[in-house]
Engineer: 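Mind looking over this structure? Questions follow.
Letters A, B, ... mirror the listed sequences (proteins, then strands); counts begin at 1. What's counted below: heavy atoms across the whole structure, side chains too, no hydrogens, waters or symmetry copies. Since the structure is predicted, the reported quantities are computational estimates derived from the model, not experimental observations.
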Amino acid sequence: MAVPNPSDIALFGKDPMPRLVSVQPLLNGSQAEVCLYQRSEDGQAIYRITEPFYPFFFLSDIELLRDFPRAQFQFQQLDGANYYRFLIVVQSWSDYWDAIRHIERATDSREKRPDEVYLINNPPQQYLMQTGRTLFKEMGFEDLHRLQLDIEVAASRGFPNAERPEDAIIIVSMTDNRGWECLLDTRHRSEKDLLEELVRVIQTRDPDVIEGHNIYQFDFPYLQTRCDLHGVAFAIGRDGSVPRSFPSSMRFAERMVDFDALEIHGRHIVDTYFQVMSYDVFKRDLPGYGLKDVSKYFGFAPEDREYVDGDTIAQVWQDDPERLLKYALDDVVETERLARHLSGSTFYLTQMLPMLYGQVARTGPASKIEALLVREYLRQRHSLPRSTWGSQVLGGYTDVFYTGVVGPIVYADVESLYPSIMLNYNVKPQSDALDLFPTLLQRLTDLRFEAKRAMKTIDSADLRGELDARQTSYKNLINSFYGQLGFSLALFNDFAEADRVAATGQQLLRHIIKLIREAGGTIIEVDTDGVLFVPPETNRGEAAEQAFVKQLSAGMPNGIRIGFDGRFQKMLSYKKKNYALLTYGGALKFKGSSLVSRSNERFGRRFVRKAVRLLLEEDIQGLHDLYLATRDRILAHRWEEVADFSRTETLKDNAEAYLADVAAGKRTRAASYELAMARAQETGQPARKGDRITYYITGSTANVTSFENCHLADAWDPNAPDENTAYYLKRLDEFTRKFEPFFTEHDFRLIFSPEDLFGFSPAGITLISNMRAVEDVEDEIPF
DNA sequence: AGCTGTGGCAGGGAGG
DNA sequence: CCTCCCTGCCAC
């Protein structure tokens with residue numbers, strides 16, 4: 001074996017330990033090729049990857065691979081005599097991943113990252129898809145063959161117990177984007193036959209994409225479990241293979257979703273549930289993430305849509321199976337519309353990334369940006385950096401200067417604050433030797449601008465839809481660049497730069513505050529990139545307000561533009577990130593967890609909503625009446641349903657992790673977990689991460705320990721209500737306390753108390769507001 | 001092992 | 001009582 005050229009070796013890592021790097025393989029028919037490069041004999045590290053994408057794994061001894069029986073190994077000579085390629089040939093994806101796990105187990109791979117990874121070959125054919133089709137730029141989203149799938153299960157809460165016979169799948173409904181529909185059910189066939197038929201139908205229809213709502217966490221694992229139970233091979237791959245799964249997770253803002261990712265050979269999975277959540281990260285407008293909620297929100301529900309409550313499925317199946325079949329079919333019809341609406345941008349994103357469509361649909365934005373960077377580094381044959389250790393310190397600037405009812409209100413925000421800062425203040429990770437970060441960001445920004453401009457000049461609705469999907473995909477990428485800098489696992493992270501972006505954002509916001517004040521406006525509240533303020537007396541009315549914002553924008557540094565993002569009659573300013581806005585159309589918009597949190601009981605949310613409206617209308621008598629009415633309802637147990645006062649919580653851990661944390665003193669006991677575990681004792685259904693537990697508080701005094709005084713919502717009987725009235729009266733008091741700052745203590749007590757000894761009169765009660773003293777705002781804008 | 005961040009409010013439990 | 005800490009949910 002010849003020794004590599006030392007001048008090239010200098011490019012490589014300085015790590016003295018012998019290592020190997022493996023990367024994601026390129027599918028070549030049913031064979032996967034993984035190419036690893038051996039290190040040189042003289043002790044210098046060399047890393048070579050022919051089919052590069054993401055350097056996950058490193059091993060300390062190439063010999064380890066020889067212990068793995070299901071792979072073949074060979075050496076090939078490359079680049080004259082200088083380099084050797086070490087080739088692993090495996091027969092299937094699962095063998096590949098098994099090999100990787102084998103390597104991982106035998107080494108402590110996490111701690112042994114080389115400083116740099118040098119990659120030699122040309123980039124992969126990015127658009128080669130596992131479907132056997134190619135995603136050339138000319139191909140449109142509509143050319144995909146998409147199949148939607150949904151299952152109905154007899155037992156209403158069956159999933160974790162899928163082994164029990166009563167948990168059988170009773171209906172499989174399917175549609176596709178070519179007008180085909182299909183219903184399979186167990187009225188005239190066994191469940192086993194149904195599953196076998198399902199596999200046949202999928203193979204016959206041969207779709208590129210399988211879509212479903214929450215299909216990753218429910219339909220697929222459930223189908224797999226039932227197939228295993230009956231000994232049916234769930235062979236839906238294009239090569240007749242069964243799906244391969246591995247644990248994965250995805251984060252949507254604060255919400256972490258754990259799921260078993262699934263790869264079906266030759267096909268892609270798109271879970272509309274994920275798409276809905278990622279849509280909501282930006283919009284924050286959805287009533288819920290369930291299929292029905294979202295379909296109503298988008299107006300996708302069929303006109304004569306059938307609804308069946310989850311708890312009653314078994315009953316409806318007995319009494320009126322046709323109705324349940326229609327319901328199941330409506331589900332997939334909605335799924336198709338939802339996917340058509342939301343997954344176009346994912347599709348066009350795939351054309352830009354060295355990733356498969358299904359992979360793009362289930363990975364977060366950070367890995368996508370990194371894929372773009374890595375691909376170009378590979379193409380330029382440049383070494384890749386290693387991620388650095390540390391953490392970001394700074395975030396956005398938030399403040400509230402005025403609380404109370406105030407108006408009129410204008411909302412102005414900096415357009416694309418962080419991307420604009422990164423472009424105009426030369427932000428780039430220190431490790432980005434090729435300056436790709438700013439170049440890519442600029443290019444994507446230009447592309448998005450072009451797409452948006454083209455949309456305005458084009459008549460065809462179809463083409464406009466495609467352009468919109470494209471510009472959305474650019475936007476998603478652009479917005480992820482900043483996150484990349486502060487992400488500890490990203491190869492191109494740079495915490496100092498992330499802080500510089502945040503600090504610049506803070507300064508820009510302070511500058512805006514100063515400009516508005518100098519012009520005679522009153523700042524109410526600011527958050528990161530936007531300002532809510534009362535425009536100066538001289539600038540009232542929509543046109544004048546627009547002009548005012550335009551003038552503000554002119555006072556900003558180059559490349560930083562302020563947009564007019566809304567105007568409102570009035571505002572109730574409560575706390576930072578917590579306020580309500582009254583539009584000129586009379587609608588109310590609520591912001592902030594203390595006003596709208598879904599963790600609050602429904603009666604409390606309704607109380608707060610109504611009270612805020614009354615407050616904005618300065619209807620003191622109305623407030624008092626609302627308080628009395630709500631109080632009476634609690635005292636009389638006058639609930640429409642248990643959901644009016646129950647609380648729903650999502651388990652963040654499974655029972656074992658929870659108990660371990662409790663034992664370690666890391667957390668306290670919580671009602672939701674205790675109830676889930678109690679239920680597990682009774683039904684054998686384990687408490688799983690992600691379970692939604694709905695419960696209410698029992699007992700007789702207001703200060704009860706909730707985890708010892710709680711029942712599952714299902715246990716509540718309207719004929720023998722046992723909810724804790726004293727506790728819920730206390731909750732009502734907690735909701736009223738939000739309005740304390742807006743009245744004198746005396747007035748507040750009058751309004752929110754039942755003691756009408758002398759009758760209640762709103763006379764003389766006025767709202768009070770609070771203006772914080774205006775401090776000097778430092779203004780050190782780097783112009 | 002395929003995972004964007006900080007800032008902020010509120011409630012519950014535990015312990016002083 | 002109060003404070004501290006953790007968790008959940010939300011804004012951007």
Engineer: Send over the distance from A/Asn578 CG to B/dG7 C1', rounded to a whole Å.
Structural biologist: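 My rounded result for the distance is 12 Å.
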
Engineer: Looking only at the aromatic ring of each residue, does the gap between the centers of A/Phe259 and A/Phe274 stay below 6.0 angstrom?
Structural biologist: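 Yes, they do, as the ring centres are separated by less than 6.0 Å.
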
Engineer: Can you tell me which nucleotide in B/dT4, C/dC9, B/dC9 comes closest to the side chain of A/Lys576?
Structural biologist: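 So the side chain of A/Lys576 is nearest to B/dC9.
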
Engineer: Calculate, to the nearest 0.5 Å, the distance between atoms CG and CG belonging to A/Leu595 and A/Leu572 respectively.
Structural biologist: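 It comes to 7.5 Å.
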
Engineer: Tell me, yes or no, whether the heavy-atom count around A/Arg500 atom CZ, taken from other residues, nucleotides or ligands under 6.0 Å, exceeds 12.
Structural biologist: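 Yes, enclosed.
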
Engineer: Once you round it to whole Å, what is the distance between P of C/dA11 and CD1 of A/Ile524?
Structural biologist: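 Rounded to whole Å, this separation is 19 Å.
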
Engineer: With sequence neighbours left out, write down each residue that passes side chain to side chain contact (heavy atoms under 4.5 Å, CB included) with A/Asp527, or none if nothing qualifies.
Structural biologist: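 Partners of A/Asp527 by the side chain to side chain contact (heavy atoms under 4.5 Å, CB included) criterion, ordered by chain and then number, come out as A/Thr398, A/Glu525, A/Lys577.
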
Engineer: With a 4.0 Å cut-off on heavy atoms, is A/Ile369 in touch with a base, just the backbone sugar-phosphate, or nothing at all?
Structural biologist: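 Since no nucleic acid heavy atom lies under 4.0 Å of A/Ile369, the category is nothing.
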
Engineer: Please determine whether a side-chain nitrogen or oxygen atom of A/Thr363 lies at a distance below 4.0 Å from atom OP1 or OP2 of B/dG2.
Structural biologist: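 A/Thr363 to B/dG2 OP1/OP2: no side-chain N or O under 4.0 Å.
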
Engineer: What's the CZ-P distance between A/Arg598 and B/dA10, to the nearest Å?
Structural biologist: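 Answer to the nearest Å: 18 Å.
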
Engineer: What nucleotide, of B/dT4, B/dA10, B/dG8, holds the atom closest to the side chain of A/Thr398?
Structural biologist: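 The nucleotide sitting nearest to the side chain is B/dG8.
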
Engineer: Distance criterion of 3.5 Å, no angle test: do you see the side chain of A/Ser593 paired donor-to-acceptor with the base of B/dG8?
Structural biologist: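 Yes.
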
Engineer: Does CD in A/Glu740 sit with more than 12 non-hydrogen atoms of other residues, nucleotides or ligands closer than 6.0 Å?
Structural biologist: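 Counting other residues, nucleotides and ligands, CD of A/Glu740 exceeds 12 neighbours.
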
Engineer: How is A/Ser480 classified with respect to the nucleic acid when contacts are heavy atoms under 4.0 Å: base, sugar-phosphate, or nothing?
Structural biologist: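 Counting heavy atoms under 4.0 Å across all strands, no contact is made by A/Ser480.
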
Engineer: Decide yes or no for A/Phe739 and A/Val612: does some side-chain heavy atom of the first lie under 4.5 Å from some side-chain heavy atom of the second?
Structural biologist: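 When only atoms from C-beta onward are counted, A/Val612 and A/Phe739 do touch, with a gap below 4.5 Å.
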
Engineer: Can you tell me how far C1' of B/dC9 sits from OH of A/Tyr574, to the nearest Å?
Structural biologist: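 In whole Å, B/dC9 C1' and A/Tyr574 OH are 8 Å from each other.
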
Engineer: Could you state the CD-C1' distance from A/Glu740 to B/dC9, rounded to the nearest angstrom?
Structural biologist: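 In whole Å, B/dC9 C1' and A/Glu740 CD are 16 Å from each other.
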
Engineer: Contact class for A/Gly483 (heavy atom, under 4.0 Å): base, sugar-phosphate, or nothing?
Structural biologist: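 Since a base atom lies under 4.0 Å of A/Gly483, the category is base.
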
Engineer: Output yes when at least one side-chain N/O atom of A/Lys575 is less than 4.0 Å from OP1 or OP2 of B/dA10, else no.
Structural biologist: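 A/Lys575 to B/dA10 OP1/OP2: side-chain N or O found under 4.0 Å.
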
Engineer: Using whole Å, what does the distance between atom P of nucleotide B/dT6 and atom OH of A/Tyr397 come to?
Structural biologist: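 Computing the A/Tyr397:OH to B/dT6:P distance gives 20 Å.
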
Engineer: If the cut-off is 4.0 Å, is A/Lys591 near the phosphate of C/dC12, judged by side-chain N/O to OP1 or OP2?
Structural biologist: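 Result: yes.
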
Engineer: For A/Glu263 and B/dG2, what is the distance between atoms CD and P respectively, to the nearest whole Å?
Structural biologist: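 After rounding, the reported distance stands at 15 Å.
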
Engineer: Heavy atoms only, 4.0 Å cut-off, all strands: where does A/Gln392 land among base, sugar-phosphate and nothing?
Structural biologist: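 Answer is sugar-phosphate: A/Gln392 comes under 4.0 Å of backbone atoms only.
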
Engineer: Taking only residues two or more places apart in sequence, or in another chain, which ones meet A/Arg647 in a salt bridge (charged side-chain N to carboxylate O under 4.0 Å, His left out)?
Structural biologist: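 If we apply the salt bridge (charged side-chain N to carboxylate O under 4.0 Å, His left out) test to A/Arg647, skipping adjacent residues, the hits are A/Glu601.
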
Engineer: Ring centroid separation for A/Tyr696 and A/Phe645, is it under 6.0 angstrom?
Structural biologist: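 Judged by ring-centre distance (under 6.0 Å), A/Tyr696 and A/Phe645 do meet the cut-off.
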
Engineer: Taking only side-chain nitrogens and oxygens of A/Lys577, does any of them come within less than 4.0 Å of OP1 or OP2 of C/dA11?
Structural biologist: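 Looking at the OP1 and OP2 atoms of C/dA11, neither is under 4.0 Å from any side-chain N or O of A/Lys577.
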
Engineer: Calculate the interatomic distance between A/Glu649 atom CD and C/dC9 atom C1'; express it in whole Å.
Structural biologist: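 Result: 11 Å.
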
Engineer: Tabulate atom names and distances for all N/O pairs under 3.5 angstrom spanning the protein and nucleotides 12-16 of chain B.
Structural biologist:
unit_1, atom_1, unit_2, atom_2, d
B/dG12, OP1, A/Arg647, NH2, 3.2
B/dG12, OP1, A/Tyr727, OH, 2.8
B/dG12, O3', A/Ser706, OG, 3.2
B/dG13, OP1, A/Ser706, N, 3.0
B/dG13, OP1, A/Ser706, OG, 2.5
B/dG13, OP1, A/Phe707, N, 3.1
B/dG13, OP2, A/Ser706, N, 3.4

Engineer: For C/dC12, does OP1 or OP2 lie under 4.0 Å from any side-chain N or O of A/Tyr579?
Structural biologist: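 For C/dC12, OP1 or OP2 has a side-chain N or O of A/Tyr579 closer than 4.0 Å.
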
Engineer: At 4.0 Å (heavy atoms only), tell me whether A/Phe495 reaches a base, stays on the sugar-phosphate, or touches nothing.
Structural biologist: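 Contact class for A/Phe495: none.
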
